[in-house]
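Because the structure is predicted, anything quoted here is derived from the model rather than measured.
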Amino acid sequence: MVIWLILGLGTLSLIVAFMYSRMVSSISIEQGAESPQEVAKLKEISGAIAEGAMAFLKREYRILALFMVIFAIIIALTVNDPHSPVPMGIYSAVSFLIGAATSVIAGYVGMKIATKGNVRTAAAARISLAESFGVAFKSGVVMGFGLTGLAIIGLMLVYLGLDTMLPGIEKPILMEILSGFALGGSSVALFARVGGGIYTKAADVGADLVGKVEAGIPEDDPRNPAVIADNVGDNVGDIAGMGADLFGSVAESTCAAMVIGASAFALLPEGNVRLSALLFPLLVSGVGIVASLISLFFIRPKTEEKVEGALKTALVLSTFLMLVGLYFPTMEMIPANYMIGTQMFTNTGVFICLAAGLISGLLIGLVTEYFTSHRFKPVREVADASKTGAATNIIYGLSLGYNSSVVPMLLMAVTVVIGFSYAGMYGIAMAAIGMLGTIAVGLTIDAYGPVSDNAGGIAEMAGMGKDIRKRTDALDAAGNTTAAIGKGFAIGSAALTSLALTAAFLTRANLPEINMLNPEVMAGLFVGASLPFAFSAMTMRSVGKAAFDMIEEVRRQFRTIPGILEGTGRPDYATCVDISTKASLREMIAPGILVIGSPLIVGFLFGVQMLAGMLIGALIVGVMLAISMANSGGAWDNAKKYIETGQLGGKGSDTHKAAVVGDTVGDPFKDTSGPSLNILIKLMAIISLVFVPFFMNNGGWLIKVFK
C-alpha cells in the first residue's frame with residue numbers, strides 16, 4: 001500500500017508539471033502585439049536565448065557523460081564489502097548512473113520550459129501584470145513539481161528494482177546501494193551549478209562593466225553584444241544549476257534517512273510495518289507535494305506591491321499545511337517505540353524533528369529576506385553607503401553578509417539539538433527532509449525569478465515600451481528577493497543534508513562517536529575547513545578569467561562594428577555566447593576534481609577518522625561562507641535596484657555607478673561560489689557514504705605505512 005501511495009504522489013507531481021507545461025506552451029506571444037515586427041523580434045531574441053541554452057547543455061552533458069562512465073567504473077571496482085553477499089560496487093554503479101541520468105532529465109525539462117516561459121511572460125505583460133506573473137509562475141511550477149516527482153519516482157523505482165533483483169538482502173546494504181542514486185544526482189549538480197554559475201556571471205560581469213559602466217547604456221540594451229549570453233546564463237545557472245542542486249538535496253537527505261532507518265528498524269518484523277517505516281522518508285516528500293499543490297491556488301497578486309507577498313504566502317502556507325499533514329502519517333508509519341543502538345525513541349519524536357526542520361527552513365528564508373530585500377534596513381544601508389563610492393558599498397556589503405550568517409547558523413544548531421535529542425542520528429536526517437518538504441513550491445518560486453528576469457531582458461531588447469518593462473521589472477524585483485530566499489533555503493537544507501549524510505557515514509563506519517582530541521580527527525577538521533576557501537577561490541577566479549575574455553570581446557565589438565552604439569549596427573551575439581560556453585566548461589573541471597578527489601584521497605590515505613573530521617570541518621566553514629557570500633551578493637544587487645527606483649539620485653548618478661560596481665563584485669558571490677558550496681559539502685559527504693566499504697577495508701594506507 002505504501003509503495004503505491006508514494007508512486008501515486010510522485011506521479012501526481014509529474015502530472016501537475018505536465019499540465020502547467022501545456023498551459024505555458026499554449027500561450028500565444030502574439031496576444032496584444034502592436035505590430036508583426038514586434039512579434040518577429042520576440043521570436044528572434046527568445047530563439048537565440050533558447051538555442052544558446054540548449055547548446056550549452058548539450059556540450060556540458062557530453063563532458064558529463066564521459067565523467068559519469070569513468071566514475072561508475074571506479075565505483076564498480078572499489079565499492080565492495082567482503083561481508084556483502086552481492087557485488088555492491090556493480091549495483092551501486094548502476095544506481096549512480098540512473099541518478100545522474102534523472103538529474104540530467106530534470107535540468108533539461110526545466111531549461112526547456114524556462115526558455116518558452118520567458119518570452120510568453122514578456123508578451124503577457126502587454127495585457128496586465130497579473131497575466132505576466134501567471135505565466136512566469138506557471139513556468140516555475142513545471143520545474144518545481146517536475147523535479148520533485150522525478151526524484152521521488154526515481155528513488156522508488158530504483159529501490160523496487162534492487163529489492164526485486166536482490167531478494168533477501170539485508171536492508172542496510174540495500175539502502176547503501178541506493179545511495180549511489182543520490183551520488184549520481186549530486187555529481188551532475190556539481191558541474192551544472194559550477195559550470196552554469198561561471199557561464200552566467202562571465203556574461204553578466206562583462207555586460208555590466210563594459211555596457212553600463214563604460215558605455216553608459218542601460219541593462220539588457222540590444223546594443224550590448226553580451227546581453228544574449230547574459231540571458232542564457234540566467235537559465236543555465238539559476239534553472240538547470242539550482243534544479244540539479246535541489247534534486248541532489250532531496251535524493252541525498254532521503255537516502256541518508258533510509259540508511260540510518262534501515263539500522264533503526266532492522267529489528268522490526270518483516271512485513272508492512274517494517275516497510276512503511278523504511279519508506280517513510282519518501283512519503284514525507286509526497287506529503288509536501290500535496291501541501292505545495294494546495295498553496296498554488298492562493299497566489300493571485302493584482303498589483304506590483306503584492307507580488308513578493310504572494311510568493312512568500314505560498315511558502316508559509318505550504319509549510320503550515322505540511323506540518324498539519326505530516327502528523328497522522330508519522331504516527332501511523334513510524335513505530336510507537338523503536339531502538340537506535342541502546343536508546344529508545346518514539347514516533348512523536350520523529351514528528352518533532354520534522355517540524356523543527358520545516359520551521360527552521362522557513363525562518364532561514366525569512367532571515368535571508370530581511371538581509372537581502374531593499375524593503376528593509378540592511379540593504380538600504382548598503383545603498384546609502386554607495387553615496388561615498390564603491391569602496392564603502394563593498395565594505396557595507398561584506399559586513400552584511402558576515403552578520404547575516406549568524407542567525408541561520410543558530411537556527412541550524414537548535415534544529416540539530418532537537419533532532420538528535422528526539423530521534424538520534426535519524427532525527428537529524430528527518431529534520432533535513434522536513435526542511436526540504438516544501439521543495440516543490442520552493443523551487444517553483446526560485447525558478448520564477450530567472451524567467452521574470454529573462455522576460456525583462458527580452459522586453460528591453462524587443463523595444464516593447466516603458467509600461468511593459470515596468471511590469472517585468474516589478475516581477476523581476478520580487479524574483480530577486482525570492483531567489484535570495486531560495487538560496488538561503490538551499491544552503492540551510494544542504495547543511496542539514498550534509499550532516500545527515502555524515503551521520504549515515506558514521507553509522508555505517510561503526511563510529512558512534514568522534515574524539516575531537518584524536519590527532520587524525522583534528523587534522524581532518526583543519527583540512528576540511530580549508531576546502532571551502534580553496535573551492536571559492538577557484539570558482540571566483542574562474543569567473544574573473546571568463547569575464548576578462550567577455551570584456552575584451554565586447555570592447556572589440558564596440559570599437560570595430562560600425563554604428564553599434566548608435567543602434568544601426570548589429571552586435572555579434574553568437575561569439576559572446578561561445579566565449580561563455582567554452583570558459584564555463586573549461587573552468588568547471590578543476591573545482592570538480594577538488595570536491596570529488598578530496599574525500600577519496602583522505603579516506604584512502606588516512607582512514608575514516610580523519611575523513612569524518614574533514615567532513616565536519618568543511619560543513620561548518622562551508623555553510624557560514626556560503627550564507628555570507630550569497631547574502632552579500634543579494635544585498636549588493638538589491639541595493640543597486642533600490643537606487644534605480646529613483647532613490648539616492650537614481651539611475652546614472654555617481655551613487656548608482658558605485659552600486660553597479662558592488663553588484664558586479666557580488667555576482668560571483670551570489671550566483672557562482674556561494675551556491676556551489678552547497679554541493680561541496682553534500683557531495684563530499686555522499687561520496688564518503690558510498691565509498692565507506694572501500695575505506696573500511698583499505699583506508700588509512702599511509703598511516704599504516706608509518707606505523
Q. Taking the side chain from S498 and the backbone from A494, do they hold a donor-acceptor pair closer than 3.5 Å?
A. no
**Q.** Spacing of CG belonging to L585 relative to CD belonging to E60, to within rounding of 0.5 Å
**A.** 6.5 Å
Q | F669 vs L398, side-chain contact (heavy atoms from CB on, under 4.5 Å): CA-CA, chis, key distance, verdict | A | CA-CA 10 Å; F669 272 56; L398 288 171; 3.9 Å; yes
**Q.** Residue pair S386 / I643, side-chain heavy-atom distance below 4.5 Å
**A.** yes
For residues 182-195, tabulate all N or O donor-acceptor pairs below 3.5 Å that involve a side-chain atom, not counting sequence neighbours.
{"residue": "S186", "atom": "OG", "partner": "E252", "partner atom": "OE2", "Å": "2.5"}
{"residue": "S187", "atom": "OG", "partner": "L183", "partner atom": "O", "Å": "2.8"}
{"residue": "R193", "atom": "NH1", "partner": "G237", "partner atom": "O", "Å": "3.2"}

Q: Quick one: list whatever passes side-chain hydrogen bond (donor to acceptor under 3.5 Å, both in side chains) with S584, sequence neighbours left out.
A: none
(Q) Contact between M624 and M409 at the side-chain level, heavy atoms closer than 4.5 Å - yes or no? (A) yes
(Q) Quick check: do L362 and L358 have side-chain heavy atoms less than 4.5 Å from each other? (A) no
Q.
With a 3.5 Å distance limit and no angle check, can you tell me whether N638 reaches the backbone of T372 through a side-chain donor-acceptor pair?
A. yes
Q: Determine, step by step, whether V416 and L496 satisfy the side-chain contact (heavy atoms from CB on, under 4.5 Å) criterion, reporting the C-alpha distance in whole Å, the side-chain angles of both residues, the deciding distance to 0.1 Å, and the verdict.
A: CA-CA 8 Å; V416 168; L496 285 183; 4.0 Å; yes
(Q) I need the full list of ring-ring contact (aromatic ring centres under 6.0 Å, His included) pairs touching residues 353-376, with sequence neighbours left out, sorted by first then second residue. (A) Y370-F376, H374-Y642
**Q.** Worked check of side-chain contact (heavy atoms from CB on, under 4.5 Å) between M143 and D446
**A.** CA-CA 9 Å; M143 185 65 178; D446 207 62; over 6 Å; no
Q) Mind checking whether S179 and V259 have side chains closer than 4.5 Å, heavy atoms only? A) yes
Q) Partners of E587 by salt bridge (charged side-chain N to carboxylate O under 4.0 Å, His left out), sequence neighbours excluded? A) K545
(Q) Just so I know, are the side chains of K640 and D637 near enough to count as touching, which here means a heavy-atom distance under 4.5 Å? (A) yes
Q. How would you list, by chain and number, every residue that makes a side-chain hydrogen bond (donor to acceptor under 3.5 Å, both in side chains) with S139, sequence neighbours excluded?
A. none
Show which side-chain atoms of residues 615-622 pair as donor or acceptor with protein atoms under 3.5 Å away, not counting sequence neighbours.
none

Q: For residues L147 and L443, determine if any side-chain heavy atom of one lies less than 4.5 Å from a side-chain heavy atom of the other.
A: yes
Q: Over all heavy atoms of both residues, which pair between A390 and A658 is shortest? Give the atoms and the distance, please.
A: N-CB, 3.5 Å
Q.
Rounded at 0.5 Å granularity, tell me how far CD1 in I63 sits from CD1 in I589.
A. 5.5 Å
Q) Would a distance-only check, ignoring hydrogens and angles, find a side-chain to backbone donor-acceptor pair under 3.5 Å from Y448 to L475? A) yes
Using a 3.5 Å cut-off and no angle test, enumerate the donor-acceptor pairs between side-chain atoms of residues 421-438 and protein atoms at least two apart in sequence or in another chain.
{"residue": "S421", "atom": "OG", "partner": "V417", "partner atom": "O", "Å": "2.6"}

Q) Does any N or O in the side chain of T392 come within less than 3.5 Å of the main-chain N or O of A385, such that one atom is a donor and the other an acceptor? A) yes
Q: List in chain and number order the residues that pass salt bridge (charged side-chain N to carboxylate O under 4.0 Å, His left out) with R541, two or more places apart in sequence or in another chain; answer none if no residue qualifies.
A: none
Pair up each side-chain donor or acceptor in residues 521-536 with any protein partner under 3.5 Å, not counting sequence neighbours, and list the distances.
{"residue": "S530", "atom": "OG", "partner": "V527", "partner atom": "O", "Å": "2.6"}
{"residue": "S536", "atom": "OG", "partner": "P532", "partner atom": "O", "Å": "2.8"}

Q | Which residues share a side-chain hydrogen bond (donor to acceptor under 3.5 Å, both in side chains) with S360, sequence neighbours left out | A | T415
Q: Taking S405 for its side chain and Y402 for its backbone only, find out whether a donor-acceptor pair lies under 3.5 Å.
A: yes
**Q.** Pairing of D384 and R380 as salt bridge, 4.0 angstrom limit
**A.** no
(Q) Tell me whether W636 contacts the main-chain N or O of A383 through its side chain, where contact means a donor paired with an acceptor under 3.5 Å. (A) no
For residues 593-606, run the donor-acceptor check on the side chains, cut-off 3.5 Å, and write out each pair with its distance to 0.1 Å, sequence neighbours left out.
{"residue": "S598", "atom": "OG", "partner": "L594", "partner atom": "O", "Å": "2.6"}

Q.
To the closest 0.5 Å, what do you measure between OG (S318) and CD1 (I289)?
A. 12.5 Å
Q. How are the rings of F247 and F181 set to each other: parallel, tilted or perpendicular (split at 30° and 60°)?
A. tilted
**Q.** Spatial distance of atom CD1 (I198) from atom CE (M538) [nearest 0.5 Å]
**A.** 9.5 Å
Q.
F96 vs V690, test: side-chain contact (heavy atoms from CB on, under 4.5 Å). Steps then yes/no.
A. CA-CA 10 Å; F96 167 82; V690 170; over 6 Å; no
**Q.** Non-hydrogen atoms of Y396 and E381 that approach each other most closely
**A.** CD2-O, 4.0 Å
Q. How about K670 and P675: do any of their side-chain heavy atoms sit closer than 4.5 Å?
A. no
Q: Look up atom CD1 in I418 and atom CD1 in I352, then write down how far apart they are to the nearest 0.5 Å.
A: 8.5 Å
(Q) Nearest 0.5 angstrom please: T672 OG1 to M588 CE, how far? (A) 13.5 Å
Q.
The criterion is side-chain hydrogen bond (donor to acceptor under 3.5 Å, both in side chains); which residues satisfy it with S673, sequence neighbours excluded?
A. T539
